[in-house]
Number of protein chains: 2
Amino acid sequence: MGQDEGGSPQRARRASIRQVAAAARVSTSTVSNVLNNPDVVATSTRRRVEDAMAEVGYVRNGAARQLRGAPSTIAGCLLLDTANPFFAEVSRGIEDRLTEAGCLLIVGSTDVRAAQENNYLRMMEELGVRGILVNPSGSRLDRLVRLSGRGTPVVLVDHPRAGADLCAVAVDDVHGGGLAADHLLALGHRRIAFLGSQAGIRSLRDRGEGIRRSMRKAGLDVSSTLVEIPVPEPCTVDVADSVVDQVLAVSPRPTAVICFNDVVALGMLRGLRRHGIPVPGQMSVVGYDDVQFAEQLSPALTTVRQPKYQLGRAAAELLLAEDRPGHQHQEIRFTPELVVRASTAPPAIGG
Amino acid sequence: MGQDEGGSPQRARRASIRQVAAAARVSTSTVSNVLNNPDVVATSTRRRVEDAMAEVGYVRNGAARQLRGAPSTIAGCLLLDTANPFFAEVSRGIEDRLTEAGCLLIVGSTDVRAAQENNYLRMMEELGVRGILVNPSGSRLDRLVRLSGRGTPVVLVDHPRAGADLCAVAVDDVHGGGLAADHLLALGHRRIAFLGSQAGIRSLRDRGEGIRRSMRKAGLDVSSTLVEIPVPEPCTVDVADSVVDQVLAVSPRPTAVICFNDVVALGMLRGLRRHGIPVPGQMSVVGYDDVQFAEQLSPALTTVRQPKYQLGRAAAELLLAEDRPGHQHQEIRFTPELVVRASTAPPAIGG
DNA sequence: CTGTTAGCGCCTTCAG
DNA sequence: CTGAAGGCGCTAACAG
């Protein structure tokens with residue numbers, strides 16, 4: 001098994017089923033049967049073929065199999081940012097379920113950019129992936145519905161069906177926003193900032209809506225109780241940190257802030273510390289997601305927990321079910337829950 | 001890994017280049033030229049073909065192209081755990097560089113299990129991916145070298161070349177371990193625990209080695225200064241939390257602990273808090289990686305920073321360079337740096 | 001400029 | 001149980 005000399009940078013063509021057949025002195029279809037219908041081949045022949053495979057270093061050619069009609073072993077997944085701990089957990093859930101089914105996972109971050117999202121979708125469709133799990137960055141689902149209609153199953157992740165004929169896994173964001181607001185209102189806060197992204201992401205709009213409903217339900221005037229502050233993309237710790245100035249500049253100053261996720265809350269805490277504002281003494285902070293580190297922040301973060309890993313697993317499950325005979329599209333809905341820790345307290349008197 | 005589930009190919013067959021040709025009343029090769037050599041086709045014909053594509057909903061068939069010899073647009077990436085924030089950042093760096101080159105990324109978590117790793121490698125090879133970026137879970141590189149020899153480029157991620165004929169991107173872990181130990185020794189600690197994983201991961205062995213060298217350099221007896229405590233897989237916050245008991249049971253009790261990553265440090269902090277042990281008053285804690293949340297923990301974590309995103313980008317860069325003519329395998333080496341924060345202090349007197 | 005042809009590697013008939 | 005033949009969708013060569 002010496003290396004080919006000649007210094008050619010081109011990859012050597014891999015051994016095909018034919019080389020194997022030649023080496024084992026059988027026909028190609030026998031080799032194919034050894035691979036796909038082992039029971040149909042005589043044991044001695046099979047042995048010979050298997051030895052030949054090892055000898056020539058045979059590796060199945062996935063492209064040829066797929067071309068011939070085999071189902072793809074790849075699923076795609078498009079999230080806003082795979083490095084964000086929330087999505088990283090979701091993605092891991094997807095990966096684990098797919099692995100159990102013998103599938104691989106392509107991941108992509110859209111960074112809430114439609115062009116990027118479309119690009120990924122196109123490439124994945126061309127590859128003929130088994131399906132695509134997507135957390136849509138915009139509110140238009142028609143492109144995804146068309147994609148699905150063309151034969152590539154689509155499952156919405158962390159997004160409701162919204163009437164579209166697709167499978168979906170969602171978390172009740174209106175409820176989640178309400179939980180955060182109820183908690184702060186119960187503590188006595190009457191001036192609350194909501195750090196939402198400016199990109200108009202559906203989940204954030206819903207949380208905002210939940211917050212407003214909660215305020216109305218408490219008989220408060222939303223316009224004077226709630227201050228919405230957009231967080232520019234990308235939503236990193238540094239960006240969130242820099243938004244603190246804006247929050248503090250609002251007059252009258254809010255006594256509490258609801259962040260749209262725990263990473264933003266992390267930046268918020270850092271910025272507040274920089275400004276010497278004690279949390280929760282002078283400012284209560286609520287996060288969203290309950291990622292791993294939330295419990296151990298300084299102070300421990302009050303936040304709204306979402307099922308992350310389970311969200312991913314459930315989405316993958318729906319995708320795998322797509323090609324089962326009488327499949328019906330369905331939505332799975334999770335409910336978030338409030339986790340109260342140390343970053344929230346009643347507002348300072350006279351605050 | 002489980003069996004393929006379901007898989008009845010009920011999907012409608014996609015429109016092929018032939019339908020397009022028919023609809024545009026040209027030959028298939030003209031359609032192909034519109035796709036791949038647009039300049040060679042008359043504008044009016046091209047228009048006609050493009051309209052026909054839209055009409056029949058044409059989507060390129062990646063499998064057929066690949067079979068015909070087109071380079072794959074997919075790269076693979078195998079990390080220990082994609083949900084771990086360190087690897088999530090690395091992976092994002094890889095993804096971004098690949099996207100610039102028009103490539104997609106398959107990710108997989110090995111969870112330090114050889115069988116899982118081999119399974120992924122085989123599947124990726126069968127797919128004919130453009131190359132595989134891998135953070136090897138074991139110390140045996142021969143399988144990877146063979147894989148590379150068969151035509152699938154392999155780049156080691158966060159791992160030195162170790163003499164193998166592969167590209168690699170590494171961080172100097174011996175140095176990193178030394179940084180952590182030097183810092184603690186300078187503070188006066190003489191009884192230090194190292195929480196290494198029991199799986200014998202190369203990077204952790206190296207860090208342990210760096211720690212020992214640092215102690216020897218300081219003229220200390222390693223066996224009485226260092227206590228190595230294995231952390232069982234999986235290395236989650238909860239597991240690390242549960243190891244705290246072991247650390248505290250060591251006699252004489254260590255006054256400082258070096259954790260093999262920040263997630264473990266997170267669990268350590270939680271466990272120590274549970275036991276009512278003040279950090280750094282009764283126990284100093286050093287992490288590794290400097291992930292996003294390290295700065296904001298309670299107390300802010302002293303840790304050894306690794307370039308994460310850049311590590312990923314560099315690895316992807318090497319992979320993309322693999323098929324350039326005259327390519328030589330090379331190693332890129334980064335240097336970690338110590339970030340001192342609030343979780344370390346001199347040992348308590350009489351500690 | 002456009003059309004024809006011959007496979008890429010594999011799998012599924014259908015004969016033997 | 002094994003062998004021969006055709007074609008999946010596409011593209012590189014050549015012919016017109």
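Residue numbering restarts at 1 for every chain, and letters A, B, ... go by the order of the sequence lines.
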Ignoring backbone atoms, test whether A:Arg18 places a side-chain nitrogen or oxygen under 4.0 Å from the OP1 or OP2 oxygen of C:dC10.
no
Over all heavy atoms of both residues, which pair between A:Asn36 and A:Pro38 is shortest? Give the atoms and the distance, please.
C-CD, 3.5 Å
Measure across A:Leu156 and A:Arg161 and return the closest heavy-atom pair with its distance rounded to 0.1 Å.
CD1-CA, 4.1 Å
Scan nucleotides 11-16 of chain C nucleotide by nucleotide, 5' to 3', and note B when protein non-hydrogen atoms come under 4.0 Å of the base, S if they reach only the sugar-phosphate, - if neither.
BB----
Check each residue of residues 39-50 of chain A for a non-hydrogen atom within less than 4.0 Å of any atom in DNA chain D, then write out the ones that pass by number, or none.
A:Val40, A:Val41, A:Ala42, A:Thr45
Closest non-hydrogen atom pair, A:Leu133 against A:Ala315
CD2-O, 3.4 Å
Starting from the C-alpha separation in whole Å, work towards a yes-or-no answer on side-chain hydrogen bond (donor to acceptor under 3.5 Å, both in side chains) for A:Asn119 and A:Arg113.
CA-CA 10 Å; A:Asn119 215 1; A:Arg113 285 156 40 203; over 6 Å; no
More than 12 non-hydrogen atoms from neighbouring residues, nucleotides or ligands closer than 6.0 Å to CZ on A:Arg47, yes or no?
no
A:Ser109 side chain to A:Thr82 backbone, donor-acceptor under 3.5 Å
yes
Separation of B:Glu126 atom CD from C:dG9 atom P, in whole Å?
15 Å
Does B:Ser27 put a side-chain nitrogen or oxygen below 4.0 Å from OP1 or OP2 of C:dT4?
no
Span of DNA chain D, from the first to the last nucleotide whose atoms fall under 4.0 Å of chain A heavy atoms:
D:dC1 to D:dG9
Between B:Arg122 and B:Glu126, does at least one N-O distance fall below 4.0 Å, as a salt bridge requires?
yes
Side chain to side chain contact (heavy atoms under 4.5 Å, CB included) between A:Asn135 and A:Val90, worked out
CA-CA 11 Å; A:Asn135 178 225; A:Val90 171; over 6 Å; no
dist B:Asp165:CG -> B:Leu141:CG (nearest 0.5 Å) comes out at 11.5 Å
Would you call B:Arg97 and B:Glu100 a salt bridge, taking side-chain N to carboxylate O under 4.0 Å as the test?
yes
